[in-house]
Amino acid sequence: MSNFTVERLIFSTLTELPNSWQNADYRALLQKMNFEGADAVSEAELKEMCLMSFTDLEPREAAEVVLGYLFPEQLTSGQVENLSHQMLTEKLWEENPEMPLHKGFYQGTQLLHDAFNGTFPATKAVEFQVKCTAENPAGLAVFATEPAAPLLRLLAQGLPANALLNRLFSTQLAGTEFGEAKSILWQLKETEKTDNSVVFDVVGSANWLEDFKYADEYTATTHADAVAAEEA
């Protein structure tokens with residue numbers, strides 16, 4: 001168990017995940033919609049052309065295109081068809097039981113929400129920086145192999161006791177196996193490091209982490225997952 005001082009730095013809300021859609025993605029989606037001359041569309045026009053092409057389809061059909069592109073291996077055609085209906089009304093990035101797919105559901109819904117001017121649910125995510133200072137410099141080793149689980153254990157202690165994360169994952173937070181952590185912290189990047197501290201940039205769903213905006217500075221303990229500790 002490692003002791004840390006945790007300090008929330010900047011915090012903001014997002015609708016679109018940083019760098020989640022690239023020009024190559026827009027071009028591939030155009031090709032998937034059989035857009036004539038997709039290779040000739042200039043980079044400056046790709047996103048707009050992609051969104052316009054979606055609106056030539058029914059919203060459910062556009063959802064099938066996006067889901068099929070995002071999850072070519074993970075979803076069957078039947079699942080894509082079912083989920084394309086659900087996307088119109090449900091926040092799949094919060095409600096679907098398959099947590100590894102949540103980030104993709106968010107990305108897809110955000111793009112379709114933009115294209116269809118609100119026909120799909122509005123998306124909300126959070127981005128923040130958090131500084132973790134170890135009481136003992138050796139404690140930073142907890143993040144060495146797989147930082148998501150130990151970091152999430154620290155973040156949870158800065159949330160209210162009745163926060164969704166603390167209520168649904170109390171066993172994983174206290175235990176030594178938290179595979180879902182990587183499905184909750186959608187983007188995790190180490191931005192600064194000293195002998196005894198590290199700063200992470202975190203992006204995730206507001207559903208799990210919005211209340212972290214109220215965290216200031218606090219002390220907390222954490223530990224790595226057992227598998228990560230064995231690999232380290």
Side-chain angles (χ1 to χ4, degrees), residues 1-15 17-18 90-103 105-106 109 121-192 196-229:
M1 194 73 71
S2 301
N3 298 316
F4 284 85
T5 298
V6 182
E7 183 183 359
R8 178 192 53 75
L9 304 178
I10 59 172
F11 189 102
S12 59
T13 56
L14 311 169
T15 55
L17 302 184
E90 297 180 23
K91 296 180 177 181
L92 294 180
W93 66 94
E94 297 178 3
E95 300 167 17
N96 188 275
E98 294 296 326
M99 289 190 65
L101 306 184
H102 280 193
K103 180 183 176 184
F105 287 144
Y106 184 100
T109 306
T123 53
K124 187 177 182 182
V126 298
E127 180 175 21
F128 57 87
Q129 286 187 340
V130 58
K131 182 177 182 180
C132 306
T133 303
E135 183 180 281
N136 182 336
L140 288 184
V142 75
F143 302 119
T145 303
E146 193 57 73
L151 178 59
L152 201 52
R153 291 185 175 106
L154 289 178
L155 299 179
Q157 292 166 71
L159 298 172
N162 64 350
L164 191 62
L165 182 65
N166 285 320
R167 287 190 285 111
L168 294 188
F169 291 105
S170 58
T171 300
Q172 290 89 336
L173 289 166
T176 57
E177 188 174 342
F178 198 173
E180 298 89 348
K182 288 188 288 186
S183 299
I184 294 172
L185 302 182
W186 291 341
Q187 295 182 14
L188 176 58
K189 182 170 66 175
E190 181 184 297
T191 58
E192 293 179 36
N196 69 334
S197 70
V198 60
V199 175
F200 289 105
D201 191 277
V202 178
V203 176
S205 171
N207 188 48
W208 299 111
L209 297 167
E210 185 168 28
D211 281 348
F212 195 68
K213 66 186 175 186
Y214 302 117
D216 187 11
E217 183 176 310
Y218 58 95
T219 58
T221 60
T222 192
H223 56 277
D225 276 0
V227 173

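Counting from 1, the numbers follow the sequence of the chain as shown. Predicted, not measured: the structure shown is a model, and the values here were computed from it.
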Give me the atom names and distance for the closest heavy-atom approach of [X] to [Y].
X: Arg8; Y: Ala215; result: NE-O, 2.7 Å
X: Gln129; Y: Thr191; result: NE2-OG1, 4.1 Å
X: Cys132; Y: Leu151; result: SG-CD1, 3.9 Å

To the nearest 0.5 Å, tell me how far Asn96 CG sits from Glu94 CD.
->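 Going from the CG atom of Asn96 to the CD atom of Glu94 covers 11.5 Å.
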Inter-residue atom distance Thr13.OG1 - Lys213.NZ, 0.5 Å rounding =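 Reported to 0.5 Å precision, the distance equals 7.5 Å.
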What donor-acceptor contacts under 3.5 angstrom involve side-chain atoms of residues 171-190, with partners at least two apart or in another chain?
{"from": "Trp186", "atom 1": "NE1", "to": "Ser183", "atom 2": "O", "distance (Å)": "2.9"}
{"from": "Gln187", "atom 1": "NE2", "to": "Pro18", "atom 2": "O", "distance (Å)": "2.9"}

Please output the side-chain donor-acceptor pairs of residues 154-170 that fall under 3.5 Å, not counting sequence neighbours, one pair per line with the distance.
{"from": "Gln157", "atom 1": "OE1", "to": "Thr221", "atom 2": "N", "distance (Å)": "3.3"}
{"from": "Gln157", "atom 1": "NE2", "to": "Arg153", "atom 2": "O", "distance (Å)": "2.8"}
{"from": "Gln157", "atom 1": "NE2", "to": "Thr221", "atom 2": "O", "distance (Å)": "2.6"}
{"from": "Asn166", "atom 1": "ND2", "to": "Ala156", "atom 2": "O", "distance (Å)": "3.1"}
{"from": "Asn166", "atom 1": "ND2", "to": "Pro160", "atom 2": "O", "distance (Å)": "2.9"}
{"from": "Arg167", "atom 1": "NE", "to": "Asn162", "atom 2": "O", "distance (Å)": "2.7"}

Residues that Phe128 engages under ring pair (Phe, Tyr, Trp, His ring centres under 6.0 Å), provided they are two or more places apart |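 With sequence neighbours excluded, Phe128 shows a ring pair (Phe, Tyr, Trp, His ring centres under 6.0 Å) to Phe11, Phe212, given in chain and number order.
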Show which side-chain atoms of residues 198-210 pair as donor or acceptor with protein atoms under 3.5 Å away, not counting sequence neighbours.
{"from": "Ser205", "atom 1": "OG", "to": "Asn207", "atom 2": "N", "distance (Å)": "3.0"}
{"from": "Glu210", "atom 1": "OE2", "to": "Lys124", "atom 2": "NZ", "distance (Å)": "2.6"}

Crowding at OH, Tyr218 (>12 non-hydrogen neighbours, <6.0 Å) |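 Count over threshold, so yes.
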Of all residues at least two apart in sequence or in a different chain, which pass the side-chain hydrogen bond (donor to acceptor under 3.5 Å, both in side chains) check with Thr5?
->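 With neighbours one apart ignored, the set is empty.
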Result of checking Thr109, Leu17, Leu14 against Thr123 for side-chain contact (heavy atoms from CB on, under 4.5 Å) |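 Exactly one pass, corresponding to Thr109.
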Side chain proximity check, Glu7 to Leu9, heavy atoms < 4.5 angstrom |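 Glu7 vs Leu9: side chains touch.
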Taking the side chain as every heavy atom from C-beta outward, state whether Ser197 and Lys131 have any atom pair closer than 4.5 Å.
->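 A side-chain contact exists here, since the closest heavy-atom pair is under 4.5 Å.
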When the aromatic ring centroids of Trp93 and Phe105 are compared, is their separation below 6.0 Å?
->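 No, too far apart.
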Using the test side-chain contact (heavy atoms from CB on, under 4.5 Å), find all partners of Ser2 that sit at least two apart in sequence or belong to another chain.
-> Phe4, Val142
